[in-house]
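If you read the sequence from its start, that first residue is 1, and numbering goes on from there.
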Amino acid sequence: MASSVGFAHPTSSLIINKKDKCLSVVPSTSQLSIYKCKKPISNNISMAMATRQSERKPATTGSMKSPMTMTEKLLAKGAEKAEVKAGDNVWVNVDVFMTNDISGPGSIGIFQKEFGENAKVWDREKVVVIPDHYIFTSDERANRNVDILREFSLDQNIKYFYDITDLSNFKANPDYKGVCHIALAQEGHCRPGEILLGTDSHTCTAGAFGQFATGIGNTEAGFVLGTGALLLKVPQTLRFVMDGEMPDYLLAKDLILQIIGEISVAGATYKSMEFVGTTIESLNMEERMTLCNMVIEAGGKNGVVAADSITFKYLEDKTSLPYEPVYSDALASFHSEFRFDISKLEPLVAKPHSPDNRALARECKDIKIDRVYIGSCTGGKTQDFLAAAKLFLASGKKVKVPTFLVPATQKVWVDIYTLIVPGSGGKTCSQIFEEAGCDTPASPSCAACMGGPKDTYARMNEAQVCVSTTNRNFPGRMGHKEGQIYLASPYTATASALTGYITDPREFLH
């Protein structure tokens, strides 16, 4: 077993047992619960699971030769095999395929070229089409991308096409959702035990629901549209055991920045990252999504968190479809294991120009910033804005730099204007943001996270320094190629907005 790791400094050494490049793990008593299939908390879901089991035999039917990790079980289930192991190449059946306006037109073009212009997708109810990246812009090419999605979806009679037609007022578009990865979860397309593939690298976000979710390229996507299947190599699994009570000044963004800082942006290349431990069990679904969202920043193929009562509760009003969770076996073999004592972790940032360029927020207190951006699939969820509002409320101060707020979806936008912030005396997030001097929350979309056309809201059109809750800080990522992006949690981003310098949130929360 690897040794526990403290966090007095982010460069502290980490001991990893890589004997024979695998590690047999027996979970501690506190972790045993994640290895057995927990019963959902509602009768509806219990019945749904029973239905699913009667429809398709479990992948583990018959004699199991060796224990499997969760990802191995998910792929075995998708391949309808009793067993798979890391390194195997298997054909898996896809439960949900998602595409957006960035890669959708290319995927559609390949599908039509290879299967014929009049070909039909393999299952119109399993294809989810979500325009979200370059939406509120006058750029003709960006708008044409959305038109292509619309034409294809109408021709194919795609059941889940979340269209937008009025770019001047997102509220006039009842079908429009916003950022694909958050919309997938909110609209009930993420279910334990399933295979979800999407034409976006952050599709791995859905692994928070105990499913295999990963991004694929346009060529693969064209094939999936036509067949509903894909050949995948079973990845090895890295296991991240995170124990300890989460300090009230930390968020999941700090956890994943710590991990990426430890293993580097190539540390999980084509591997699964499985998150377990008492800290993980305490996280709500949106925080688990933040963790899984950024596994691609470490090169990971997918990330997974075991489904539990928190998962089932979230799904109660999201989906009526049956699902069947799977869990890692107690004696499953992992490529390596990393152990963390989260109670010792401090707020972190990732300095330009790489997500693994980790530093303590307090070590960067002399870095002057020009703006703050709170949004994206990583940091634009309801819980992210509640965290920002909590810190603004605690400070009682106004921002010293332009602070841009971009809710991920329409539902998040509504939450910002309707949910009462605890301890605020009845104020909503929007009221607190207005009092703090932030920009008015923008139309839900990916906005400036990936730069986009020059008229994209909050795009960096100058060489500025930005603290952002997004997931990447490569040169040019948010617009200007000489811009400097510091990745941080909503707490750290908010604290920095109040001072005009990168700021440890403990200055306001304690």
task: Identify the residue among Lys427, Lys397, Lys398 that makes a salt bridge (Lys or Arg N to Asp or Glu O under 4.0 Å) with Glu435.
output: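 For Glu435, the salt bridge (Lys or Arg N to Asp or Glu O under 4.0 Å) test succeeds with only one of Lys427, Lys397, Lys398, which is Lys427.
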
Tell me whether [X] contacts the main-chain N or O of [Y] through its side chain, where contact means a donor paired with an acceptor under 3.5 Å.
{"X": "Thr199", "Y": "Ile216", "result": "no"}
{"X": "Asp455", "Y": "Ser138", "result": "yes"}
{"X": "Glu286", "Y": "Gln383", "result": "yes"}

- prompt: Heavy-atom distance under 4.5 Å between the side chains of Ile256 and Phe275, does that happen here?
  reply: yes

message: Salt bridge check, Lys365 against Glu363: does any charged N sit closer than 4.0 Å to a carboxylate O?
response: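 No, this pair does not count.
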
field: Ionic contact status for Arg362 with Glu507, cut-off 4.0 Å
entry: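 No, no charged N to carboxylate O under 4.0 Å.
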
query: So Phe312 and Tyr323, would you call those rings parallel, tilted or perpendicular, with 30° and 60° as cut-offs?
result: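 Correct class here is parallel.
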
task: For the pair Phe240 and Phe340, name the ring-plane relationship: parallel under 30°, tilted 30 to 60°, perpendicular over 60°.
output: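 Judged by the thresholds at 30° and 60°, the geometry between Phe240 and Phe340 is parallel.
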
query: Applying the side chain to side chain contact (heavy atoms under 4.5 Å, CB included) test to Val96, which of Arg191, Gln211, Glu125, Lys126 qualifies?
result: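 Among the candidates, only Arg191 passes.
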
- line: From the list Asn357, Asn473, Ile502, side chain to side chain contact (heavy atoms under 4.5 Å, CB included) with Lys351 holds only for Asn357

- request: Give the C-alpha distance, both sets of side-chain angles, the deciding distance and a yes or no for ring-ring contact (aromatic ring centres under 6.0 Å, His included) between Tyr457 and Phe404.
  value: CA-CA 9 Å; Tyr457 176 77; Phe404 304 101; 5.7 Å; yes

query: When you measure from the centre of the six-membered ring of Phe161, is the NZ or CZ of Lys159 under 6.0 Å away and within 45° of the axis?
result: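 Judged by the rule, Lys159 and Phe161 form no cation-pi pair.
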
- request: Find the distance between SG (Cys429) and CD1 (Ile420) and round it off to the nearest 0.5 Å.
  value: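 So the gap between those two atoms works out to 9.0 Å.
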
Working for salt bridge (charged side-chain N to carboxylate O under 4.0 Å, His left out), residues Asp370 and Lys400: CA-CA 9 Å; Asp370 300 302; Lys400 292 189 176 180; over 6 Å; no

task: Go through the steps for Lys318 and Glu316 under the test salt bridge (charged side-chain N to carboxylate O under 4.0 Å, His left out), then give the verdict.
output: CA-CA 6 Å; Lys318 304 292 190 304; Glu316 274 190 326; over 6 Å; no

